[in-house]
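Structure first, commentary second.
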2 protein chains.
Amino acid sequence: MARYQAGIRTEERILEATRELLGEVGLEGTTLKAICDRAGVRAGSFYNLFESKDDAVMQVVKDAIRAVDPHPDKDVPDSLRELIEAFILFITGQPEVARVYLKIAISGATNGSLGDQIIGHHQRRVARFAAAIGREHPEMDEEAAVARAEIILAALSGLAFMWMIQPGFDYASRARLVSQSSLAPE
Amino acid sequence: MARYQAGIRTEERILEATRELLGEVGLEGTTLKAICDRAGVRAGSFYNLFESKDDAVMQVVKDAIRAVDPHPDKDVPDSLRELIEAFILFITGQPEVARVYLKIAISGATNGSLGDQIIGHHQRRVARFAAAIGREHPEMDEEAAVARAEIILAALSGLAFMWMIQPGFDYASRARLVSQSSLAPE
DNA sequence: CCAAACTTAGAGCATTCACTCAAAATAGAG
DNA sequence: CTCTATTTTGAGTGAATGCTCTAAGTTTGG
């Protein structure tokens with residue numbers, strides 16, 4: 001299954017087109033035709049490289065998350081502060097991709113693989129936050145750490161929600177308040 | 001424009017069908033055909049009574065909000081605690097309609113009238129929360145009251161988000177913690 | 001019972017969507 | 001250069017979608 005250069009470049013063009021469209025016109029406007037038009041490709045080529053439209057969208061979302069992941073190589077444990085900063089960067093750095101993420105997550109897992117994958121990612125994120133909290137507060141039992149992780153993520157998500165509705169909302173600084181208050185002793 | 005009884009009953013059946021469908025299959029599954037099938041009505045009748053599909057969805061969402069509104073008659077000012085309880089009731093009482101609300105809000109106002117209306121409603125809600133806070137804390141200036149209202153709504157929304165992703169999440173009690181902490185002096 | 005107003009039916013329209021497929025074109029290894 | 005594997009094309013499919021329109025039917029007030 002040796003790839004040719006042409007195919008690899010086409011794949012990149014398609015992902016770039018998908019990323020741009022998600023940013024410009026949201027998930028609704030990111031149709032297959034729109035992706036193909038922008039990438040300068042016909043539908044057949046798209047399906048030679050991707051399983052489905054959702055496949056391409058999911059890759060873009062995953063890339064965006066990965067781009068701000070503090071330690072994509074899994075061996076280094078991350079601090080809560082780093083994780084929170086990564087979340088802030090994810091929301092502020094690619095707001096429209098983040099919007100898609102939240103939207104799909106809210107839509108639930110009934111919609112098929114896209115929702116399933118994002119919810120799965122979210123739950124792994126909760127676990128990662130909880131692990132960091134557990135590491136920094138050894139006196140806390142696991143249940144309490146998970147509860148705190150959920151609250152922190154709820155706050156970060158809720159602030160993101162407000163920001164997306166009210167463009168003037170100062171997301172980053174409010175989110176850092178969450179960081180401070182959550183890092184303080186109970 | 002005197003209404004006949006038949007038309008009024010049909011309108012109610014359509015709204016009931018829409019409400020049920022939003023709860024059972026979400027916004028995606030609530031198609032015109034599904035609504036009409038369940039209401040036992042043809043498309044023509046639907047459009048005799050509603051401007052568009054979004055019109056019917058919007059009425060359902062508005063009704064749900066209104067049903068838990070502490071003081072629909074505007075003269076009585078509401079307390080912050082009442083407003084928070086109303087929000088909790090909105091989320092827990094009709095979770096799937098609330099899901100639709102959050103989803104449309106996140107989708108933004110570019111999607112047309114549905115998004116516009118929900119964002120408008122949201123902003124009125126912020127103002128109402130801020131007014132209640134201002135009433136209960138006369139020493140606080142207006143800007144601070146608005147900021148606090150935004151944070152409270154962000155927390156409530158974020159918790160709702162978590163609940164929708166993790167069904168085991170105990171929304172009501174966590175949300176009441178927001179209530180307590182936000183009612184405490186600064 | 002009449003007539004005007006309102007309601008309903010239901011076929012059908014125009015559009016959009018994600019996706020398929022067989023054949024032509026091209027790239028790359030030997 | 002040749003031969004094979006990969007890539008690209010682009011018309012086409014079938015299934016949805018929201019919505020329209022006209023003719024027929026029903027309700028209501030007088």
Side-chain angles (χ1 to χ4, degrees), chain A residues 1-18 21-22 24-61 100 103-104 107 110-117, chain B residues 1-18 21-22 24-61 100 103-104 107 110-117:
Chain A
M1 216 215 238
R3 303 282 311 270
Y4 287 2
Q5 285 302 313
I8 292 171
R9 278 197 304 268
T10 301
E11 188 175 340
E12 281 164 2
R13 281 215 317 283
I14 289 174
L15 286 175
E16 191 187 340
T18 306
L21 283 166
L22 285 178
E24 290 170 23
V25 292
L27 187 58
E28 306 276 328
T30 305
T31 63
L32 191 74
K33 179 171 168 16
I35 293 171
C36 291
D37 283 355
R38 182 165 302 210
V41 149
R42 309 295 145 218
S45 304
F46 180 97
Y47 283 96
N48 180 47
L49 294 160
F50 295 89
E51 282 271 307
S52 64
K53 194 192 80 164
D54 284 356
D55 183 15
V57 170
M58 201 60 218
Q59 274 200 46
V60 166
V61 174
V100 169
K103 187 175 168 183
I104 295 173
S107 298
T110 57
N111 283 18
S113 66
L114 245 175
D116 286 325
Q117 287 189 69
Chain B
M1 218 216 235
R3 302 286 309 274
Y4 288 1
Q5 285 303 314
I8 293 171
R9 278 197 304 270
T10 302
E11 187 176 341
E12 281 164 2
R13 283 216 315 285
I14 289 175
L15 286 175
E16 192 188 339
T18 307
L21 283 166
L22 286 177
E24 291 170 23
V25 292
L27 187 57
E28 306 277 328
T30 305
T31 63
L32 190 74
K33 180 172 169 12
I35 293 172
C36 290
D37 283 356
R38 182 165 301 212
V41 149
R42 308 299 144 213
S45 306
F46 181 97
Y47 283 96
N48 180 47
L49 294 161
F50 296 88
E51 283 271 309
S52 64
K53 194 193 79 163
D54 284 356
D55 183 13
V57 170
M58 201 60 216
Q59 274 200 46
V60 167
V61 174
V100 169
K103 188 175 168 183
I104 295 173
S107 298
T110 56
N111 282 17
S113 65
L114 246 176
D116 285 325
Q117 287 189 68

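Since the structure is predicted, the reported quantities are computational estimates derived from the model, not experimental observations. The chains referred to below are lettered A, B, ... by the order of the sequence lines, with proteins before strands, and numbering in each begins at 1.
In this structure, B/Glu11 places its CD atom 14 Å from P of C/dC6, rounding to the nearest Å. Across the protein-nucleic acid pair, B/Lys53 atom NZ and D/dA16 atom P stand 15 Å apart, rounded to whole Å. For the pair A/Phe46 CZ and D/dG10 P, the interatomic distance rounds to 18 Å; values are reported in whole Å. One atom, CG of B/Leu49, and another, C1' of D/dT20, lie 15 Å apart when rounded to the nearest Å. Nucleotide C/dT8 holds its C1' atom 15 Å from the CZ atom of B/Phe50, rounded to whole Å. Atoms CD1 (B/Ile8) and P (D/dT27) sit 14 Å apart, rounded to a whole Å. B/Asp37 places its CG atom 14 Å from the C1' atom of D/dG18, with the value rounded to the nearest Å. Whole-Å rounding puts the B/Arg42 CZ to D/dT22 C1' distance at 17 Å.
For B/Glu16, there are no side-chain hydrogen bond (donor to acceptor under 3.5 Å, both in side chains) partners at least two apart in sequence or on another chain. Partners of A/Ala43 under the side-chain contact (heavy atoms from CB on, under 4.5 Å) rule, at least two apart in sequence or in another chain, are A/Leu32.
Residues A/Asn48 and B/Gly29 both approach DNA chain D. Their nearest nucleotides, taken by heavy-atom distance, put A/Asn48 toward the 5′ side.
For B/Gly29 against B/Ala34, the heavy-atom pair with the smallest separation is O-CB, 3.8 Å. Residues B/Phe46 and B/Cys36 share a closest heavy-atom pair of CB-SG, 4.0 Å. Between A/Arg13 and A/Gly40, the closest heavy-atom pair is NH2-O, 3.7 Å.
Between D/dT8 and A/Thr10, a contact under 4.0 Å exists linking OP1 or OP2 to a side-chain N or O.
Atom CZ of A/Arg42 sits about 15.0 Å away from atom CG of A/Asn48, to the nearest 0.5 Å.
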With B for base contact, S for sugar-phosphate-only contact and - for none (protein heavy atoms under 4.0 Å), nucleotides 20-30 of chain C reads BB-----BS--

